Amino acid sequence: MKLLVTGGAGFIGSNFVHYALENTTHDIITLDALTYAGSRSNLEGTLDSDSHRFVEGDIRNRDLVDDLVEDVDAIVNFAAESHVDRSIDTAEPFVSTNIQGTQTLLDSARSHDIERFVQISTDEVYGEVLDGVFSETDRLNPRNPYAATKAGADLIARSYYTTYDLPVLITRSSNNYGPRQHPEKLIPKFITNAAKDEALPVYGDGSNIREWTYVEDNCRGIDFVLEKGVPGEVYNIGSGVELSNLEVTEQILAATGSSESLIEFVEDRPGHDQRYALETTKITDLGWEPKWEFDEGLAETVEFYLD
Ligand SMILES: NC(=O)c1ccc[n+]([C@@H]2O[C@H](COP(=O)([O-])OP(=O)(O)OC[C@H]3O[C@@H](n4cnc5c(N)ncnc54)[C@H](O)[C@@H]3O)[C@@H](O)[C@H]2O)c1
C-alpha cells in the first residue's frame, strides 16, 4: 500500500516508518512539521530509501496535504501535540493540530477516495478507571486538554465514517515506551536524568498507574489494523503490563545502576488521572498480540538513550 504517514518524525510515527520499511511492502510519504517534538534524526536510515519520501509541512495546510494524498492509498495520522503538561499550560496548539489538523486530513481523504484512514488515538480519551478496564464501546470522558482534543479528533473521524462512508479506523493504545521518544516524557526523561546522576521528579506519591506497551508492539498493531481492521471500528492496543510511576522509576534506576536516592517526589499534575487500563480482546481475537516483556523493552530503551 502507498501510505501518507503524518507525524512520522515523532516518537511512534518514526518507529512506525522504520517498522513498515523493514517488515512490509508499503511505500511511505512522511509529512511532519518538525515541531519541537519531531526530528529528522528519528528517520535516520530511512531517508535514502526508494520506498520513503520525507516532506516537511503541516497537516493543516490543505493544498500541501491534497498534493500528497493524490499519490497514496491510505493515511495514518500520528501528527499531534502530545504532551499533557504542555496542554495544561496552553490548549490552543492542541485544538488546532489535533482537531483541525485531523479534519483537514479527513476532508482531503474524502475528496481523494482514500482506501483507509487510520486515526491514531489514545487510552486517555476514556479518562481514568480505578477498577476494571476500558473497552472500545465505553463512554469517552477525557480529563485534560490533550485528551479532550484527541477525543474530539476521534469523534470527528468517526463522523466522517457514518456521514460520508470514509473508511476510518481508530486505534487507541496505552502509554508507549521505546527508542526515539522526546526526553520530556517520563521514561526517556528518567533514563537520561539517571545517567547524569540528576533527580527523577515523580509526580505526587508515584501511585498513578499506566499500562505500558513497547512501541514496536503498537506499530505492529497499527499496521495490523490498517490491513485487517473493519472500517468504522475502534481497536484498543495494550500490553496488560500495569505499573505505577514509582515502580517504573525503580525499574529505570535498577536498569541504569543508579541510586534510589535520586527519586524526588514533586507536586502532582493537576487532574492527574489515577489509572488507565485497556480491554484488548477485540484486536487479539483478530490475531494481534503484544510480544515484548516490559524488562526487555526497557533494556532496549535504556540502551538507546545511553548510546
Ligand atoms: N506516546 C504515547 O504513549 C501515545 C500513546 C497513545 C497514543 N499516542 C498518540 O500517538 C500519536 C503520536 O504520539 P507521539 O508520542 O509519537 O508524539 P510526538 O509528540 O513524539 O510526535 C508528534 C509528531 O507530530 C508532528 N506534528 C505536530 N504538529 C504537527 C502538524 N500540525 N503538522 C504536521 N506534523 C505535526 C511533530 O513534529 C512530531 O513529529 C499522537 O497522536 C498521540 O496522541 C501516543
Side-chain angles (χ1 to χ4, degrees), residues 4-19 29-43 54-62 64-65 68 75-87 92-105 108 118-126 134 142 144-154 157 170-189 210-219 221-222 225 234-239 241 248 273 276 278 297 301:
L4 176 64
V5 174
T6 67
F11 167 45
I12 307 177
S14 64
N15 278 284
F16 180 81
V17 171
H18 283 277
Y19 171 82
I29 301 174
T30 296
L31 172 64
D32 195 297
L34 297 181
T35 68
Y36 80 95
S39 167
R40 263 176 220 274
S41 65
N42 284 339
L43 293 169
F54 176 77
V55 177
E56 182 176 345
D58 200 299
I59 58 167
R60 292 164 295 183
N61 179 342
R62 177 68 192 267
L64 172 62
V65 168
L68 302 176
I75 299 174
V76 186
N77 180 27
F78 293 93
E81 290 291 339
S82 70
H83 192 38
V84 174
D85 290 345
R86 287 177 186 260
S87 79
E92 195 281 330
F94 289 76
V95 172
S96 179
T97 282
N98 299 2
I99 300 179
Q100 288 175 357
T102 301
Q103 177 231 316
T104 305
L105 294 170
S108 182
V118 182
Q119 171 65 11
I120 306 302
S121 184
T122 165
D123 58 359
E124 297 206 25
V125 298
Y126 298 116
F134 281 122
N144 60 62
Y146 158 70
T149 60
K150 293 297 294 184
D154 274 31
I170 296 175
T171 66
R172 295 187 184 138
S173 87
S174 69
N175 272 37
N176 282 216
Y177 68 103
R180 306 186 190 93
Q181 187 169 28
H182 192 282
E184 69 185 354
K185 303 280 170 61
L186 189 142
I187 287 186
K189 181 172 172 172
R210 297 292 180 265
E211 181 177 344
W212 290 98
T213 299
Y214 190 61
V215 65
E216 188 190 290
D217 279 335
N218 187 25
C219 292
I222 291 164
V225 168
V234 178
Y235 297 91
N236 287 344
I237 299 180
S239 62
V241 176
V248 170
D273 289 339
Y276 304 133
L278 292 174
T301 311

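On a predicted model such as this, the values are computed, not experimentally measured, just so you know. For ligands, and for the atoms within them, numbers begin at 1 and follow the listed sequence.
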Among N61, I120, T30, closest by heavy atom to atom 10 (O) of ligand 1 is I120
What I want to check is whether the side chains of S174 and T213 have a donor and an acceptor closer together than 3.5 Å.
yes
Please could you name the atoms of ligand 1 that N175 approaches to less than 4.0 Å, counting only its heavy atoms?
3 (O)
Nearest protein heavy atom with distance in Å, relative to atom 39 (O) of ligand 1:
D32 OD2, 2.6 Å
Nearest non-hydrogen protein atom to atom 11 (C) of ligand 1, with distance, is F78 O, 3.3 Å
When you measure from atom 27 (C) of ligand 1 to each heavy atom in A80, S96, G8, A33, which option holds the nearest one?
A80
Counting from 1, what ligand 1 atoms have a heavy atom of S82 closer than 4.0 Å?
17 (O), 18 (P), 19 (O)
Can a side-chain donor-acceptor contact be found between Y214 and N15 if the only test is distance below 3.5 angstrom?
no
Which option out of Q100, E56, K150 puts a heavy atom nearest to atom 41 (O) of ligand 1?
K150
With heavy-atom distances below 4.0 Å as the criterion, list the atoms of ligand 1 near A79.
24 (O), 34 (N), 35 (C)
Which atoms of ligand 1 have any heavy atom of S174 under 4.0 Å away?
5 (C), 6 (C)
Taking distance alone, with no angle check, do K185 and ligand 1 share an N/O pair under 3.5 Å?
no
To the nearest 0.1 Å, how far is atom 36 (C) of ligand 1 from its closest protein heavy atom, and which atom is that?
T35 OG1, 3.3 Å
